Amino acid sequence: MSDNSVRSEPAAVKWTVIAVAALFIGLFIVMPLINVFAQAFVKGWQAYASALVEPDALAAIELTLLVTAIAVVANTGMGLVMAWAITKFSFRGKSFLITLIDLPFSVSPVVAGLVFVLMFGAQGYFGPWLIDNGYKVIFAWPGIALATIFVTFPFVARELIPLMQEQGTTEEEAAVTLGASGWRVFSRVTLPNVKWALLYGVLLCNARAMGEFGAVSVVSGHVRGETNTIPLQVEILYNEYQFQASFAVASLLALLAVVTLFAKTVLESRVHDRKGGH
């Protein structure tokens, strides 16, 4: 009996599985996404635009963009450093470092937010000193940025580590043998080899940072026009029964999801083509 006959499935089984998968995606992913946009435009374009240019909404959008930019830049830099250290060097505690990188995946975002409150809040370990010196972390944008950096930390590193482990250190060692400096090896050899995985990690980090709710909710204080990000603004509008406005603001995050999906597909095709070229 040939391998193909062993691996083949009856047509009925094949199409049943495909239909179940398509039905699940349609019900739990596509339909909710469509409904967000439908509810956002239920009162027309003018009401949609008015909801987005409302002062509190603009403040939430501005804060979200600021915090996202900080988190992406910080995690891109640290993700590169962590991936470089883990894949290019041997040292004690490497396994423990990898475990720490994965920690934000296993810790609830709400717990992460509470940790920052315990550290930098008015009754926290560093809170009194910060207050005495005029610094405000909790219930201000620095606390939101710290919480966002924590929950999005693994994305860049986790995309780079497997690829850099697969590539090994042969090319870097050859460059060093030829007299290249450490920075030149990184910028001319390592970075070009991982650029698509890096962009993919940045993309995921950006999407999660803009949509983060749990940790940000704990440290923000929900001050309207000051410490509310887009997800928090959506919650406030919905709780106040401003449904069309809440869906209008939420549509920005839904649009981000669509753009992220498209960019993800493009980057995956780039990575696939690169591997095929080798």
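Residue numbers start at 1 and run along the sequence shown. All values below come from the heavy atoms of this structure, side chains included, with hydrogens, waters and symmetry mates left out. Only a predicted model underlies this, so the values are computations on that prediction, with no experimental measurement involved.
- Going from atom CZ of Phe139 over to atom CD1 of Ile144 covers 10.5 Å, rounded to the nearest 0.5 Å.
- Put simply, CG on Asn193 and CG on Leu163 are 8.0 Å apart, with the number rounded to the nearest 0.5 Å.
- A pairwise comparison of heavy atoms in Cys205 and Ala71 identifies SG-O, 4.3 Å as the closest pair.
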Do Leu256 and Asn206 pass the side-chain contact (heavy atoms from CB on, under 4.5 Å) test, and can you show the C-alpha distance, the side-chain angles, and the key distance before you say yes or no? CA-CA 10 Å; Leu256 171 67; Asn206 179 79; 3.9 Å; yes
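- Placement of Ile230 and Tyr238 in two distinct hydrophobic clusters is found when ILVMFWY residues are connected by side-chain heavy-atom separations under 4.5 Å, directly or transitively.
- In terms of heavy-atom proximity, Met210 sits nearest to Leu253 at O-CD2, 3.6 Å.
- Within the 4.5 Å cutoff, the side chain of Leu146 has heavy atoms near those of the Phe120 side chain.
- Thr227 places a side-chain N or O within donor-acceptor distance of the main-chain N or O of Ser220, the cut-off being under 3.5 Å.
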Walk me through it: do Phe91 and Leu97 pass the test side-chain contact (heavy atoms from CB on, under 4.5 Å)? CA-CA 10 Å; Phe91 56 91; Leu97 180 59; 3.9 Å; yes
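- Contacts of Ile98 classified as side chain to side chain contact (heavy atoms under 4.5 Å, CB included), with partners at least two apart in sequence or in another chain: Ile86, Lys94, Asp102, Arg158.
- Across all non-hydrogen atoms, the minimal contact from Gly26 to Pro32 is O-CD, 4.3 Å.
- Residues Val216 and Met119 share a hydrophobic cluster, clusters being chains of Ile/Leu/Val/Met/Phe/Trp/Tyr side chains in contact below 4.5 Å.
- Using a 4.5 Å heavy-atom cutoff, the side chains of Glu54 and Gln242 are not in contact.
- For the pair Leu52 and Leu252, the minimum side-chain heavy-atom distance is below 4.5 Å.
- Residue pairs meeting the side chain to side chain donor-acceptor pair (under 3.5 Å) criterion with at least one partner in residues 126-152, sequence neighbours excluded, are Asn75-Thr152.
- In the hydrophobic clustering, Val73 connects to no other residue, as no ILVMFWY side-chain heavy atoms lie under 4.5 Å from its own.
- Applying the salt bridge (charged side-chain N to carboxylate O under 4.0 Å, His left out) definition to pairs two or more places apart or across chains, those involving residues 202-217 are Arg208-Glu212.
- Within 6.0 Å of atom OH in Tyr125, 12 or fewer heavy atoms from other residues, nucleotides or ligands are found, so the atom counts as exposed in its surroundings.
- One finds the CD1 atom of Ile131 at 7.5 Å from the CD atom of Gln123 (value rounded to the nearest 0.5 Å).
- Taking the ring pair (Phe, Tyr, Trp, His ring centres under 6.0 Å) definition, one finds that Phe153 meets it with nothing, sequence neighbours left out.
- Looking at Phe126 and Val137, their side chains never come closer than 4.5 Å, going by heavy atoms from C-beta outward.
- Sorted by first and then second residue, the pairs that involve residues 65-89 and meet salt bridge (charged side-chain N to carboxylate O under 4.0 Å, His left out), not counting sequence neighbours, are Lys88-Glu172.
- To the nearest 0.5 Å, the span separating CG on Leu160 from CE on Met82 amounts to 12.5 Å.
- In this structure a side-chain-to-backbone donor-acceptor pair under 3.5 Å is missing from Gln39 to Gln244.
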Show your reasoning for whether side-chain contact (heavy atoms from CB on, under 4.5 Å) applies to Phe262 and Thr265. CA-CA 5 Å; Phe262 175 77; Thr265 302; 5.7 Å; no
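- Considering all non-hydrogen atoms of both residues, Val219 and Gly113 come closest at CG1-O, 3.5 Å.
- With sequence neighbours excluded, the residues satisfying salt bridge (Lys or Arg N to Asp or Glu O under 4.0 Å) with Arg224 are Asp56, Glu240.
- Both Phe116 and Val110 sit in one connected hydrophobic cluster of ILVMFWY residues. Membership requires side-chain heavy atoms under 4.5 Å apart, directly or through other members.
- Residues satisfying the side chain to side chain contact (heavy atoms under 4.5 Å, CB included) criterion with Leu103, sequence neighbours excluded, are Ser106, Val107.
- For residues 29-54, the ring-ring contact (aromatic ring centres under 6.0 Å, His included) pairs, not counting sequence neighbours, are Phe41-Trp45, Phe41-Tyr48.
- Counting only heavy atoms from C-beta outward, the side chains of Val194 and Gln167 approach each other to under 4.5 Å.
- Judged as a side chain to side chain contact (heavy atoms under 4.5 Å, CB included), and not counting sequence neighbours, the contacts of Val20 are Thr16.
- Other residues, nucleotides and ligands place no more than 12 heavy atoms under 6.0 Å from the CD atom of Glu62.
- The line from CH2 of Trp84 to CG of Leu191 is 10.0 Å long, rounded to the nearest 0.5 Å.
- Alongside Phe24, the hydrophobic cluster contains Leu23, Leu27, Phe28, Met31 (criterion: ILVMFWY side chains under 4.5 Å).
- Cluster annotation: Leu255 and Val249 are assigned to the same hydrophobic cluster (Ile/Leu/Val/Met/Phe/Trp/Tyr, side-chain heavy-atom contacts under 4.5 Å, transitive).
- A side-chain donor-acceptor contact under 3.5 Å links Ser246 to the backbone of Phe243.
- For Glu159 against Ala197, the heavy-atom pair with the smallest separation is CB-O, 3.7 Å.
- Residues meeting the side chain to side chain contact (heavy atoms under 4.5 Å, CB included) test with Phe213, sequence neighbours left out: Ser217, Pro231, Leu232, Glu235.
- In this structure, CG in Leu198 is found 11.0 Å from CG in Leu203, a value given to the nearest 0.5 Å.
- Minimum interatomic distance between Glu226 and Leu63 (heavy atoms only, all atoms of both residues): O-CD2, 3.5 Å.
- Hydrophobic clustering, with ILVMFWY side chains joined whenever heavy atoms are under 4.5 angstrom apart, groups Ile61 together with Val258.
- Taking the six-membered ring for Trp and the full ring otherwise, the centers of Phe155 and Phe105 sit less than 6.0 Å from each other.
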